[in-house]
Amino acid sequence: MLLPPPNVTGVLHIGHALTLTIQDSIARWNRMHGRIVNWVPGTDHAGISMQSVVEKKLLRESGKSRHDLGRDRFIDKVWEWKQEHGECIKMQTQKMGASVDWDQEYFTMDDHHSKTVRDYPEFGSGVVKITPAHDENDYACAQRLGLPVVPVFSPDGTVISQPLFPGFSGLSRWDARRKVIRDLKESKAYVGKRDAEASVINRCSRSGDIIEPMLKPQWYVRCGDLAKRADEMVQTGHISMVPKRQRAIWHSWLTGIQDWCVSRQLWWGHRIPVYRISWADGNRRDIWVAAESEQHAREKALLGSKSPGSVAGEISAVVQDEDVLDTWFSSGLLPLTVFGQHKSQALSSVLETGQDILFFWVARMAMLCTYFAGVPPFSTVLLHPMVRDLQGRKMSKSLGNIIDPMDVIQGAGLSKLQETLERGYLSKQELSKSTKELKRLYPTGFQQFGADALRLTLILYTQQTQQINMSLDNVKASYHFCNKLWNTFRFAHMHAQKHGVKIRDSWSDGISERLSVFDRALLSKLSSMLGSYHQAMETYRLAVAAEAARDFVQRDLCDAYIEICKLALFGSKSATRQDPAICIEILLHTLDIVLRALHPFMPFLSEQRQLKQRQIGEHNDVVENSKSLSIMEMVWEQTDTCSIIKHNAQAEAENEMVLGIVSGIRSLRQRHGKQLVTMGEADKPVFLVFVSESSLTAGRASGDVDDFERRHGECIRALSKEPQIGIHSEQNARPVESSEHMVSVVVSPQVQVVSKLDSRETGSSDSRVDEVAVGKLKAELESVYRVVNSDGYQKKAPPGVKQADR
């Protein structure tokens with residue numbers, strides 16, 4: 001797996017963090033299943049960006065331009081900058097928790113990659129002229145009408161010496177345009193100007209200068225056959241694309257592709273390996289030769305010469321083209337450089353990247369690698385959406401809405417965020433605008449959330465297939481989840497030590513018959529979660545997997561099971577009919593599985609907690625001062641094949657009914673508080689629970705209402721902290737509902753919680769029961785239950801859908 005190379009000039013932005021998180025999750029997941037993962041990192045030389053940064057630095061520090069230094073000395077300055085700042089991205093990648101193979105790290109200008117780039121452009125190149133003499137539309141018109149194309153400006157923006165327009169030679173483009181107006185006025189040919197709609201003037205995104213098209217020779221790659229082959233790879237399934245809808249976009253773009261201009265008028269980059277050969281006799285035209293070196297070019301030129309007896313002395317000059325290759329060309333060869341081309345199958349397994357560079361990079365890799373290696377560069381392409389700010393705007397320094405992942409991980413005050421802006425290369429106007437926006441968006445800066453919270457948030461965001469509107473509120477929610485999980489481990493380990501419970505390898509032996517209904521319900525939900533999780537991970541639906549694990553921890557483990565276990569652990573064993581030791585053991589092993597499930601997304605917390613887990617294991621295999629196994633190196637399959645982790649609909653139904661009743665009681669108490677009174681005398685219940693007999697005999701639970709009350713009444717009273725509760729059959733509910741001053745909560749179509757308001761407090765409309773709304777809700781719930789209980793739903797609905805519906 002190849003990590004898309006970030007530009008060496010900058011720092012990782014939130015889009016890079018998303019790519020790192022997704023790829024690292026895939027890498028860790030596969031390692032946990034015993035697969036060898038080769039995940040290769042690197043950085044791109046960033047031709048235009050790097051040259052621009054170093055030129056600005058040079059001008060600011062010495063007042064010199066690159067032309068003052070010359071090409072070779074300027075390139076040396078670029079390498080100096082790279083050596084000084086190039087490690088920043090590596091450090092940030094490590095802080096994100098990316099488990100890449102640093103031994104294979106590459107830089108797209110290193111010797112190995114440069115040799116590959118020099119070798120491959122020889123496969124077929126041609127020189128053609130592009131752009132008009134300074135306006136593309138005018139050039140198209142000139143081509144249609146057969147008009148001559150006359151250059152006006154030189155590369156430095158001044159008017160060239162030309163007999164057609166005397167008096168303009170050497171003027172800047174601005175002075176020349178003003179002189180045109182003056183000359184027209186002097187010749188009485190100037191009619192005036194008219195206000196028209198504002199025209200679009202192309203500007204350089206880095207310098208802000210107006211772009212002037214120039215008539216220059218450029219090197220092109222003919223893309224027709226290359227694109228056809230790359231398109232066939234996707235359409236025939238040799239390259240699978242996720243999401244699938246991108247296949248149509250891929251096909252549309254490649255079938256309408258134009259030739260690819262690979263020339264760039266820069267000094268920094270892979271200099272185009274073509275040489276101009278001039279002949280000494282002056283009778284032959286100069287020729288261009290693609291070669292690895294000047295000597296090689298000379299030899300190829302002589303070998304291809306038609307003149308018999310040619311010798312080296314007949315060549316008067318060999319000059320390499322001044323231009324460098326498009327950065328996307330060199331990065332398009334990366335799979336060949338990194339993984340080699342001598343393979344019968346795809347060069348790599350998975351490529352994960354942003355959908356915004358599907359054609360800039362992914363398509364170019366597919367075209368070049370299938371041409372040179374005869375096989376696709378990857379088997380699967382995963383594309384994630386672009387990350388934008390909360391308002392849906394593209395993140396940029398000029399807007400002041402950039403989110404640096406390191407600031408999210410480590411925290412950053414407003415002053416630090418401002419300092420980062422000031423270290424950039426924004427104009428005074430841009431800096432003022434971006435600083436103002438920065439203060440508006442993040443008036444207090446960023447809280448320290450840690451890498452795990454950021455990673456989990458980014459993974460969950462990938463369900464948004466079009467674009468991600470990034471909000472730090474969601475990172476904060478993930479941060480709270482991390483804290484909740486951490487505290488859950490502390491709770492479990494504290495009670496394990498208190499009761500002398502160790503994590504056993506064969507933990508399910510001998511406890512199956514001693515499990516309470518709540519234990520079985522948790523293990524049933526764990527089984528469902530694992531089914532959804534594994535299926536999602538196998539199909540690269542990482543957000544679905546992460547959400548399944550997170551929701552299980554929050555809802556089923558923390559909010560339900562642990563709350564019930566506290567009764568047994570703190571002396572109310574009869575209320576839940578749980579064995580405290582078994583309860584702790586189930587909790588420890590469930591957390592062990594949760595750690596493994598969350599590890600791909602949250603490596604830091606999971607590794608640290610796993611170490612603690614093993615310290616309380618029966619073998620205590622953590623040896624001081626020695627390297628412990630990572631979760632990635634443990635066998636995943638052994639954790640979820642336990643015989644007691646299985647689906648149990650009856651246990652889940654009873655569990656949900658108990659928790660639903662408790663929730664209903666709490667809801668009424670929270671809404672009405674002290675307005676609630678007993679149903680008659682002081683010793684009568686404050687709450688009445690009406691349960692449908694059919695729900696207890698239709699396989700969703702067991703027994704009758706009296707049996708349900710005997711088994712769970714004490715638990716319901718303890719959890720709701722309400723001793724005065726009566727549990728009755730549903731058929732007794734009608735007379736009570738018709739009584740005055742009654743309020744109720746419909747827990748499900750089979751369960752209803754009712755209480756009575758103090759007659760002196762019933763004047764407020766807020767305390768009256770909306771019987772129409774209740775009836776409508778009950779009808780809707782009954783409809784839902786009919787669907788989920790149908791045979792067709794149970795047979796055909798995916799496990800993930802069933803879990804969500806529950």
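Just so you know, these numbers come straight off a predicted model, no measurement behind them.
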Query raised in the report: How long is the gap from CD1 on I277 to NZ on K300, to the nearest 0.5 Å?
Result: 10.0 Å

Query raised in the report: Between S114 and M109, is there a donor-acceptor pair closer than 3.5 Å when you use the side chain of the first and the backbone of the second?
Result: yes

Query raised in the report: Any idea which heavy atoms bring T9 and W81 closest together, and the distance?
Result: O-CH2, 3.3 Å

Query raised in the report: Got a second to check how far T116's OG1 is from F372's CZ, nearest 0.5 Å?
Result: 10.5 Å

Report task. For Q258, look at atom CD and say whether over 12 heavy atoms of other residues, nucleotides or ligands are found less than 6.0 Å away. Result -> no

Query - Side chains of S434 and L421 in contact at under 4.5 Å (non-hydrogen atoms) - result: yes

Query raised in the report: In this structure, are over 12 heavy atoms from other groups packed under 6.0 Å from K95 atom NZ?
Result: no

Query - Exercise: identify the closest heavy-atom pair between P377 and T370 - result: CD-CG2, 4.4 Å

Query raised in the report: Going through the checks in order, is the ring pair (Phe, Tyr, Trp, His ring centres under 6.0 Å) test met by W79 and F107?
Result: CA-CA 12 Å; W79 277 109; F107 177 51; 5.7 Å; yes

**Report entry** Aromatic centroids of W288 and W219 separated by under 6.0 Å
**Finding:** yes

Query raised in the report: Would you say the side chain of V11 lies within less than 4.5 Å of the side chain of H16, judging by non-hydrogen atoms?
Result: no

Query raised in the report: Centroid-to-centroid, W260 to F359, below 6.0 Å?
Result: no

**Report entry** Beyond-backbone contact of T462 with L18, side-chain heavy atoms, under 4.5 angstrom
**Finding:** yes

Requested in this report: Given side-chain contact (heavy atoms from CB on, under 4.5 Å), test T353 with L383 step by step and report yes or no.
Outcome: CA-CA 5 Å; T353 190; L383 298 169; 3.9 Å; yes

Report summary line: Sequence neighbours excluded, the answer for salt bridge (charged side-chain N to carboxylate O under 4.0 Å, His left out) partners of D286 is R276

Report task. Taking N30 for its side chain and I26 for its backbone only, find out whether a donor-acceptor pair lies under 3.5 Å. Result -> yes

Query raised in the report: Is there a side-chain contact between L12 and P6 (heavy atoms, below 4.5 Å)?
Result: yes

Query raised in the report: Any side-chain donor-acceptor pair under 3.5 Å between T108 and H45?
Result: yes

Report task. Heavy atoms only: give me the nearest V221-L226 pair and the separation to one decimal. Result -> CG1-CD1, 3.8 Å

Query raised in the report: Side chains of Q218 and Q265: donor-acceptor distance under 3.5 Å anywhere?
Result: yes

Report summary line: Nearest heavy-atom approach of T380 to Y540 is CG2-CE1, 4.2 Å

Query raised in the report: With respect to I14, which candidate in D404, L458, D407 satisfies the side chain to side chain contact (heavy atoms under 4.5 Å, CB included) definition?
Result: L458

Query raised in the report: For W268, does its backbone N or O pair with a side-chain atom of Q51 as donor and acceptor, under 3.5 Å?
Result: yes

Requested in this report: Kindly write out the residues that satisfy salt bridge (charged side-chain N to carboxylate O under 4.0 Å, His left out) with R71, not counting sequence neighbours, or none if the list is empty.
Outcome: E322

Requested in this report: Write down the atom of T327, the atom of S330, and the distance for their closest heavy-atom approach.
Outcome: O-OG, 2.9 Å

Query raised in the report: Sub-3.5 Å donor-acceptor pair from the side chain of H33 to the main-chain atoms of R35, do we have one?
Result: no

Query raised in the report: Would you call K115 and D111 a salt bridge, using N to O less than 4.0 angstrom?
Result: no

Query raised in the report: Does a donor on one side chain and an acceptor on the other come within less than 3.5 Å for S349 and S379?
Result: no

Query raised in the report: Is the backbone of M602 close enough, under 3.5 Å, to the side chain of S606 for a donor and an acceptor to pair up by distance?
Result: yes

Report task. With rounding to the nearest 0.5 Å, note down the distance linking CG in D326 to CZ in R264. Result -> 4.0 Å

Query - Heavy-atom closest contact (R222 atom, D259 atom, distance) - result: CA-OD1, 3.4 Å

Query raised in the report: So, are E437 and R393 salt-bridged, with charged N and O less than 4.0 Å apart?
Result: yes

Query raised in the report: Ignoring hydrogens and geometry, is there a side-chain-to-backbone donor-acceptor pair from S52 to S49 under 3.5 Å?
Result: no

Query raised in the report: Is any side-chain heavy atom of P603 less than 4.5 Å from a side-chain heavy atom of R455?
Result: yes

Query raised in the report: Just wondering, do Y106 and L334 contact through their side chains at under 4.5 Å, heavy atoms?
Result: yes

Query raised in the report: Any sub-3.5 Å donor-acceptor pair from R364's side-chain atoms to F360's backbone N or O?
Result: yes

Report task. Check whether any side-chain heavy atom of D76 lies under 4.5 Å from a side-chain heavy atom of L69, and answer yes or no. Result -> no

Query raised in the report: Hey, are D225 and R229 close enough for a salt bridge, meaning a charged N less than 4.0 Å from a carboxylate O?
Result: no

Query raised in the report: Near K394 NZ, under 6.0 Å, is it more than 12 heavy atoms from other residues, nucleotides or ligands?
Result: no

**Report entry** Contacts of type ring-ring contact (aromatic ring centres under 6.0 Å, His included), residue Y442, not counting sequence neighbours
**Finding:** F446

Query - Main-chain N/O of N38 paired with D101 side-chain donor or acceptor, under 3.5 Å - result: no

Requested in this report: Indicate whether the side chain of E607 and that of S630 have a donor and an acceptor atom separated by less than 3.5 Å.
Outcome: yes

Query raised in the report: Do we see a donor-acceptor contact under 3.5 Å between the side chains of H67 and S65?
Result: no

Query raised in the report: Are any of the side-chain heavy atoms of R28 and I631 separated by less than 4.5 Å?
Result: no

Query raised in the report: Between D452 (side chain) and F604 (backbone), is there a donor-acceptor pair under 3.5 Å?
Result: yes

